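Taking it in order: structure first as structure tokens, then the write-up.
So you know, we letter chains A, B, ... as the sequences are listed, proteins then strands, and number each from 1. Keep in mind it's a predicted model, so treat the numbers as computed, not measured.
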Amino acid sequence: MKKYYVLEMFPYPSGNLHMGHVRNYSIGDVVARYKAMQGFDVLHPMGWDSFGLPAENAAIKNGTPPAAWTYKNIDVMREQLQKLNLSYNWDLEFATSSPDYYKFTQWMFLTFFNNGLAYKNKSYVNWCPDCATVLANEQVVNGNCERCKATVDKKDLEQWFFKITDYAQRLLDDLDKLPGWPDKVKSMQANWIGRSEGAEVDFQIDGSDKKLTVFTTRPDTIFGVTYMVIAPEHPLVKELIAGTPQEAECLALIKKVQNQTDIDRTATDAAKEGVFSGVHMINPLNGEKIPLYLANYVLLDYGTGVVMAVPGHDDRDFEFATKYNLPIRPVIKPNDGEEKELPFLEVGTIINSGEFDGLDSDIANDKITEHIENKGLGMKKVNFRLRDWLISRQRYWGAPIPIIYCDKCGIVPVPEKDLPVLLPENVKFTGQGKSPLSECEEFVNCKCPLCGIDAKRETDTMDTFVCSSWYFLRYCDPKNTELPFSKEKADYWMGVDQYIGGVEHAILHLLYARFFTKVLSDFGYLSVDEPFENLLTQGMVLKDGTKMSKSVGNVVSPEEIIEKYGADTARLFILFAAPPERDLEWNDDAVEGSYRFLKRVERLFEKKFGESKLRFDVHKCIKKVTEDIDRFHFNTAISAIMELVNVMSKADEISPDDLQAVIVMLSPFAPETTEILWKKLGKSGNAGEQPWPKFDPAALVVSEVEVVVQINGKIKTKLMLSPDMTAADMQDFVKTSEDIQNLINGAEIVKIIAVPKKLINIVVRQNGF
RNA sequence: GCGGGCGUGGCGGAAUUGGCAGACGCGCUAGACUUAGGAUCUAGUGUCUUUGACGUGAAGGUUCAAGUCCUUUCGCCCGCACCA
């Protein structure tokens with residue numbers, strides 16, 4: 001028996017199921033039920049991504065402890081899920097906030113730490129003032145907190161990081177191993193990782209033995225450098241400008257930039273601003289003395305935070321040079337010889353570059369890089385946009401980072417046998433000041449596991465994305481108390497054959513889960529190094545053209561729909577109304593249509609039962625539904641069943657076998673109704689446990705097929721012909737058939753195209769026709 | 001600016017490889033049954049100047065044949081965005 005692991009992204013227990021959940025889980029459930037009926041050993045689990053800020057915010061607001069609030073929500077939502085008749089194996093259920101689970105989230109941290117993949121570092125980080133915590137780069141959207149939308153500040157803080165940058169190249173390369181992922185998601189990830197090839201080049205500071213290193217992707221333009229730019233908040237700046245006449249002006253710019261939000265700073269139309277630093281640099285290739293500017297358009301955390309400016313061949317440098325009257329020197333001319341306006345961004349022929357003149361610019365790129373390396377002025381370098389993953393949060397409701405600080409031993413990991421580091425329950429939630437954990441004395445104070453003297457615990461917790469980066473592995477072995485999962489069980493079930501969820505997780509969750517899988521694979525805990533074989537990103541559920549939301553007031557509650565029509569109608573509508581990856585417009589009238597369809601199926605029992613005359617229709621339908629589910633075209637699979645039901649409704653009599661086929665095929669979509677009808681049919685067992693029907697090719701054999709007859713590509717008539725006719729037979733037939741000769745009406749036949757079982761196209765000369 | 005995607009009736013959508021455009025459903029129209037209809041059933045429903053012609057955002061092209069392939073172009077959505 002072959003295994004099949006189908007997984008839907010587990011929900012955050014916010015309190016209520018919404019239509020997006022219903023869609024996500026209905027899709028997964030059809031796949032799970034269908035695969036089980038086909039004889040696969042199916043893993044179809046559900047759980048709860050239950051750490052996170054809303055629970056803590058609720059505690060601050062209402063005084064309810066986060067745990068109580070969370071587990072109450074889980075109970076409500078579990079019941080709502082069960083009303084949808086989803087085929088989960090509830091024995092595998094877990095919540096990431098339970099000590100049994102987060103024990104192993106902490107185990108993950110230790111595994112990363114012990115292998116040099118978790119480190120603590122002082123860094124200029126994103127700080128959300130409303131959530132009172134730091135955020136990962138990925139959680140900052142347009143300069144705002146992804147969760148609460150507050151404007152994100154920058155703070156210099158010591159934080160824990162996972163070294164995802166060590167895996168940047170593999171995370172990029174292995175996207176090619178994922179043909180079952182949407183291109184969109186892969187390109188978003190590739191974009192986010194942002195690999196670029198170039199060189200690091202050292203520029204000497206004039207009158208000093210110090211140098212600054214730049215990263216450039218265009219070494220071919222290095223003779224065109226007319227000035228240099230450094231990020232104002234660069235740590236070396238204050239030292240560089242000390243004592244220069246420009247110092248005061250520079251300090252003012254630094255202050256201004258630091259007070260700017262990321263949105264203002266990075267807006268497309270943000271004005272470029274800069275100040276001369278008072279320092280000059282030496283171009284290592286031509287020895288020229290060039291000014292160093294502080295400028296707001298240089299990013300501190302990309303490359304080296306220092307840029308060589310080539311205004312002749314870069315938009316931004318051109319804009320800046322124009323504004324501040326800096327020289328602009330072309331070093332590439334267009335190949336077609338035509339004069340082009342600067343900045344000239346394309347490839348061309350090198351000029352004004354000494355020994356490199358006359359080379360093609362892309363060849364010069366390699367030659368100049370080689371030259372720089374030979375002279376010891378720099379080296380080839382690949383840069384990534386991807387930053388290390390900041391995982392520490394100054395919040396309570398998360399997995400505590402298992403680290404102890406000892407005055408004597410330094411940073412000490414909690415020994416594995418002492419896991420889990422439990423979250424204390426007697427904490428206060430004021431929403432002010434320091435995090436609740438850091439104010440909990442009995443949590444903070446502990447003994448050093450190495451030397452036994454008084455020590456203090458780390459009070460930061462882990463980003464909830466850490467919890468969700470390995471949950472799909474826990475389902476393979478959820479009761480394991482020794483390890484997060486046994487290798488044997490994970491190797492049996494992994495990778496996930498079909499993963500289903502919203503596209504909003506295209507970068508964060510999916511990238512982190514891939515990273516975890518690779519790390520665990522590298523250290524021998526797992527054989528696969530990609531977690532999700534096939535990914536389906538479902539579209540949103542809309543009402544009146546916009547996403548359902550409380551503020552817009554267009555929310556349709558799943559509970560009310562289930563109450564009114566039953567779960568089957570809700571499932572059927574949501575699968576029928578649009579293909580899964582597209583956005584779905586909720587339509588109350590169309591929901592009625594799904595309800596009516598189920599009633600129509602029930603009414604088939606009122607028909608006269610007898611011999612089947614519909615064998616062809618039934619088997620055509622089985623073929624179509626099977627193929628459509630295989631390619632996730634649930635909407636057309638359902639429409640095929642509707643067509644069959646329409647045929648059966650019109651037939652004089654139907655056979656119990658016909659009816660059985662309909663009920664069995666419909667069972668993955670509408671499990672509740674079909675079980676009732678299965679009993680009504682007098683069958684034992686369950687409809688959902690029947691083997692998936694196989695179509696009989698013999699039933700699809702017909703003596704005649706409809707063939708379209710075209711003249712010059714225009715349809716003229718349709719004929720019933722034997723399906724066995726070859727193209728040659730059909731061409732002969734054209735010549736002898738009286739009907740067709742009448743159509744041609746004496747015109748001269750130029751050519752006859754015949755496609756067996758489909759069409760005949762007779763090409764005739766226009767004159768006389 | 002870069003990357004991904006979409007554009008088909010009044011609406012949601014269908015049309016695996018180029019081969020009958022509009023399946024299926026909603027809505028609408030008419031009729032039947034009915035005290036009643038927001039129930040059910042029957043028939044119809046792309047457009048038009050209806051013996052036929054036109055029609056898949058627009059314009060070209062390839063082909064016997066184009067929603068599907070190629071070129072240009074317009075519009076919309078999503079992601080990233082001063083990444084050197």
Q. Among C64(B), U40(B), C80(B), which is the nearest nucleotide to the side chain of I507(A)?
A. C80(B)
Q | Residue-phosphate contact under 4.0 Å: H313(A) side-chain N/O, A84(B) OP1/OP2 | A | no
Q) Atom CG of L759(A) to atom C1' of C20(B): distance rounded to whole Å? A) 9 Å
Q.
A quick test of your reading: do over 12 heavy atoms of other residues, nucleotides or ligands sit less than 6.0 Å from CD of E563(A)?
A. no
**Q.** Donor-acceptor contact present, side-chain D388(A) to main-chain I164(A), <3.5 Å
**A.** yes
Q. Nearest to the side chain of D589(A) - C26(B), A21(B), C64(B)?
A. C26(B)
Q) What is the distance from NZ of K599(A) to C1' of U40(B), rounded to the nearest Å? A) 13 Å
(Q) Counting only side-chain heavy atoms from C-beta out, which of C80(B), A39(B), G19(B) sits nearest to W192(A)? (A) C80(B)
Q: For U40(B), give its Watson-Crick or G-U wobble partner with both distances under 3.5 Å, or none.
A: A32(B)
Q. Under the rule syn = chi within 90° of 0, otherwise anti, which is G9(B)?
A. syn
Q. Should U50(B) be called syn or anti, with syn set as within 90° of 0?
A. syn
Q) Charged N to carboxylate O under 4.0 angstrom, E197(A) versus R195(A)? A) yes
Q.
For T226(A) and I328(A): C-alpha separation, side-chain torsions, deciding distance, then whether side-chain contact (heavy atoms from CB on, under 4.5 Å) applies.
A. CA-CA 7 Å; T226(A) 54; I328(A) 299 168; 5.8 Å; no
Q) How far does the C1' atom of A21(B) sit from the matching atom of U68(B), given to the nearest Å? A) 11 Å
Q) Which one is paired to U17(B), where only Watson-Crick or G-U wobble pairs with both distances under 3.5 angstrom count? A) none
**Q.** Identity of whatever pairs with G60(B) - Watson-Crick or G-U, under 3.5 angstrom
**A.** C70(B)
Q. Who does C54(B) pair with, Watson-Crick or G-U, both distances under 3.5 Å?
A. G46(B)
Q: Describe the nucleic acid contact of R596(A) in one word from base, sugar-phosphate, nothing, applying a heavy-atom distance below 4.0 Å.
A: sugar-phosphate
Q: Tell which nucleotide pairs with G9(B), taking only Watson-Crick or G-U wobble pairs whose two distances are both under 3.5 angstrom.
A: none
**Q.** Residue mapping more 5' on RNA chain B - nearest nucleotide basis, R582(A) or K718(A)
**A.** R582(A)
Q: Identify whether any heavy atom of G593(A) sits under 4.0 Å from a base atom; if not, whether one sits that close to sugar-phosphate; answer base, sugar-phosphate or nothing.
A: sugar-phosphate
Q: Using a 4.0 Å heavy-atom cut-off across all strands, classify P579(A) as base, sugar-phosphate, or nothing.
A: sugar-phosphate
(Q) So, OP1 or OP2 of G79(B): does either fall under 4.0 Å of a side-chain N or O from S187(A)? (A) no
Q | Nucleotide nearest K714(A) (side chain, heavy atoms from C-beta), chosen from C82(B), C54(B), A84(B) | A | C54(B)
(Q) Considering every strand and a 4.0 Å limit on heavy-atom distances, what is the contact class for E706(A): base, sugar-phosphate, or nothing? (A) base
**Q.** N/O donor-acceptor pair, side chain K272(A) with base C82(B), under 3.5 angstrom
**A.** yes
(Q) Under 4.0 Å, heavy atoms only, any strand: does D315(A) hit a base, just the sugar-phosphate, or nothing? (A) nothing
Q | Nearest-0.5 Å distance that lies between atom CG in L535(A) and atom CD in E581(A) | A | 11.5 Å
Q: Check every strand shown and say whether K186(A) touches a base, only sugar-phosphate, or nothing at a heavy-atom separation below 4.0 Å.
A: nothing
Q. Is any side-chain N or O of N191(A) closer than 4.0 Å to OP1 or OP2 of C2(B)?
A. no
Q: Have a look at R600(A) and say if it touches a base, only the backbone sugar-phosphate, or nothing, with a 4.0 Å heavy-atom cut-off.
A: sugar-phosphate
Q) Which base sits across from G1(B) as a Watson-Crick or G-U pair, both distances under 3.5 Å? A) C80(B)
Q.
For the residue pair K623(A) and F695(A), would you count it as a cation-pi contact if the rule is NZ or CZ under 6.0 angstrom from the ring centre and within 45 degrees of the ring axis?
A. yes
